[in-house]
Amino acid sequence: MTGRPGGRRVTSADVAREAEVSRATVSYVLNDSPHQRIPEATRRRVREAAARLGYAPSAAARSLRKGRSDIVLGLLPDWPIEHVLGRLVQQLTDALAEHELTFLVHSAAHPARPLGEVWKALTPAAVLALDAFPEDEAGAMRAAGVEVVMAVHGSARGGHRSALVPEEPIGAAQARHLVRTHRRLGYAYPDLARLGVLAEPRLEGVRKVCAESGLAEPDVRTVSPDPDGAVAAVRAWLAADPPVTGVCAFNDAVALAVLAALRSLGLRAPGDLAVIGVDDIPGAALARPPLTTVVRDTGLIARDLARRIVDALGETGPFTDPVTEHLRVQVRVSA
């Protein structure tokens with residue numbers, strides 16, 4: 001007998017019949033159960049039968065065997081899903097898969113289903129949120145058996161906000177690159193208020209470096225992606241007293257808007273205004289001029305977060321110390 005029996009879902013009983021062994025033997029082999037003396041030829045026959053039939057153990061069965069689900073629910077805030085966020089999601093998927101955990105992502109963007117409905121339907125082993133969520137929601141998750149509840153950019157415990165992945169060092173890295181040759185800095189703030197959880201700590205990093213270097217507070221301007229909004233910000237920086245000569249942008253998209261505004265005014269970076277971004281998106285190297293930017297190792301972040309989840313599931317966590325990032329400045333022409 002080969003193929004999917006009758007078009008229905010293949011079960012371990014089908015594999016047992018195909019391999020001419022007991023269902024218990026199938027379970028021992030496919031689950032790599034220890035302390036079972038099963039000849040290698042039998043193990044090979046069971047695996048081959050399972051492959052021929054397309055057998056996959058059910059999620060419910062795995063959960064019963066392990067005593068928990070293998071799902072990690074990732075909660076995305078209502079943020080634009082751009083290059084770096086998409087890359088982080090993929091790297092988290094890969095990092096958790098190495099520990100036999102499945103990463104499922106839910107976005108809060110309207111009109112998504114309410115969070116409560118999602119986690120109750122999935123009963124995940126862990127929840128990893130990019131932004132903070134209400135403590136009462138976190139408490140309800142734990143009460144329902146969700147073993148790990150973590151928030152990357154804000155705490156889900158006690159109402160305080162301590163970031164697992166701090167953003168302040170990013171702004172500090174930008175400012176340190178500029179203060180070597182510039183005495184007045186500006187900050188290009190995104191025009192999406194919901195990105196404030198990222199923008200505010202990055203701006204604070206710029207502020208601290210300016211203070212340490214004896215510079216005035218950075219001149220903060222909101223930069224919208226439309227040409228007129230960016231032009232207004234550039235004009236304001238150049239008209240300041242003293243004029244701003246170097247700008248730290250929230251990310252590469254905002255930095256590219258500033259570069260476009262300079263071109264439309266007949267100005268150039270870095271001679272008229274130096275610009276540094278964050279993320280090194282694919283278009284950064286193709287910009288006119290090529291964009292200097294801060295690069296973060298999202299693969300390292302993903303592996304660290306996955307380790308924390310796995311350790312917490314194994315009752316050796318949770319960890320609240322920040323993820324140690326390795327930042328570097330990709331120097332190009334713009335700054």
D219 and L185, any side-chain heavy atoms less than 4.5 Å apart: no

Under 3.5 Å side-chain donor-acceptor pair for S12 and R23: yes

Steps toward side chain to side chain contact (heavy atoms under 4.5 Å, CB included) verdict (L262, V275): CA-CA 10 Å; L262 284 169; V275 183; 4.2 Å; yes

Side-chain heavy-atom pair V329, V295 within 4.5 angstrom cut-off: no

Within one Ile-Leu-Val-Met-Phe-Trp-Tyr cluster: L192 and V258, side-chain cutoff 4.5 Å: yes

Nearest heavy atoms of L203 and P218, plus distance in Å: CD1-CG, 4.1 Å

Salt-bridge contact E168-K208 (side-chain N to carboxylate O under 4.0 Å): yes

Nearest heavy-atom neighbours spanning A126 and I309: CB-CG2, 3.9 Å

Student check: side-chain heavy atoms of E100 and D70 closer than 4.5 Å: no

Flag, side chain of Q174 to backbone of G277, donor-acceptor distance under 3.5 Å: yes

For the student: nearest non-hydrogen atoms of V223 and A230, plus distance: CG1-CB, 4.0 Å

Interatomic distance, L178 atom CG to C210 atom SG [nearest 0.5 angstrom]: 9.0 Å

Any donor-acceptor pair under 3.5 Å from R235 side chain to A232 backbone: no

Worked verdict on R207 versus E204 for salt bridge (charged side-chain N to carboxylate O under 4.0 Å, His left out): CA-CA 5 Å; R207 285 194 176 111; E204 184 59 25; 3.7 Å; yes

From I301 atom CD1 to R296 atom CZ, the distance as rounded to the nearest 0.5 Å: 4.5 Å

Any side-chain heavy-atom pair of L267 and L238 under 4.5 Å: yes

H177 and V331, any side-chain heavy atoms less than 4.5 Å apart: yes

Over all atoms of both residues, closest heavy-atom pair of S107 and P77: OG-O, 4.3 Å

Pairwise side-chain contact, P289 with S334, heavy-atom cut-off 4.5 Å (strictly under): yes

From F103 atom CZ to L96 atom CG, the distance as rounded to the nearest 0.5 Å: 6.5 Å

Residues Y187 and E217: side-chain donor-acceptor under 3.5 angstrom: no

Neighbour count >12 (heavy atoms, 6.0 Å) for atom CZ, R263: yes

Reported CG-to-CG distance for the pair L291 and D279, which is rounded to 0.5 angstrom: 10.0 Å

R202 charged N/C atom sitting above F250 aromatic ring, 6.0 Å / 45°: yes

V152 vs D131, side chain to side chain contact (heavy atoms under 4.5 Å, CB included): CA-CA, chis, key distance, verdict: CA-CA 6 Å; V152 173; D131 198 1; over 6 Å; no

Euclidean distance, R303 CZ relative to D94 CG, rounded to 0.5 Å: 10.5 Å

Interatomic distance, H326 atom NE2 to D297 atom CG [nearest 0.5 angstrom]: 7.5 Å

Under 3.5 Å donor-acceptor, W237 side chain and V247 backbone: no

S213 side-chain N/O to L215 backbone N/O, donor-acceptor pair under 3.5 Å: no

Derivation of the side chain to side chain contact (heavy atoms under 4.5 Å, CB included) call for L101 and L313: CA-CA 11 Å; L101 293 170; L313 288 172; 4.1 Å; yes

R184 versus T245, side-chain donor and acceptor atoms under 3.5 Å: no

Nearest heavy-atom neighbours spanning I281 and A253: CD1-N, 4.5 Å

Same apolar cluster: V89 and L198, side chain cutoff 4.5 Å: yes

N-O pairing of R308 and D311 below 4.0 Å: no

W79-M150 co-clustered via ILVMFWY side chain contacts under 4.5 Å: yes

Non-hydrogen side-chain atoms of T102 and V72 separated by less than 4.5 Å: no

Same apolar cluster (I L V M F W Y, side chains within < 4.5 Å links), V244/L265: yes

Closest heavy-atom pair and its distance - P201, G196: CD-O, 3.9 Å

Sidechain-backbone polar pair: T292 side chain, R332 backbone, donor-acceptor under 3.5 Å: yes

Q330 side chain to T293 side chain, donor-acceptor N/O pair below 3.5 angstrom: no

Test: R268 and D272 ion pair at under 4.0 Å: no

Same cluster (ILVMFWY, side-chain, under 4.5 Å), L130 and V323: yes

Close side-chain approach of E82 and L85, heavy atoms under 4.5 Å: no

Step-by-step side chain to side chain contact (heavy atoms under 4.5 Å, CB included) determination, Y189 to V254: CA-CA 8 Å; Y189 202 94; V254 174; over 6 Å; no

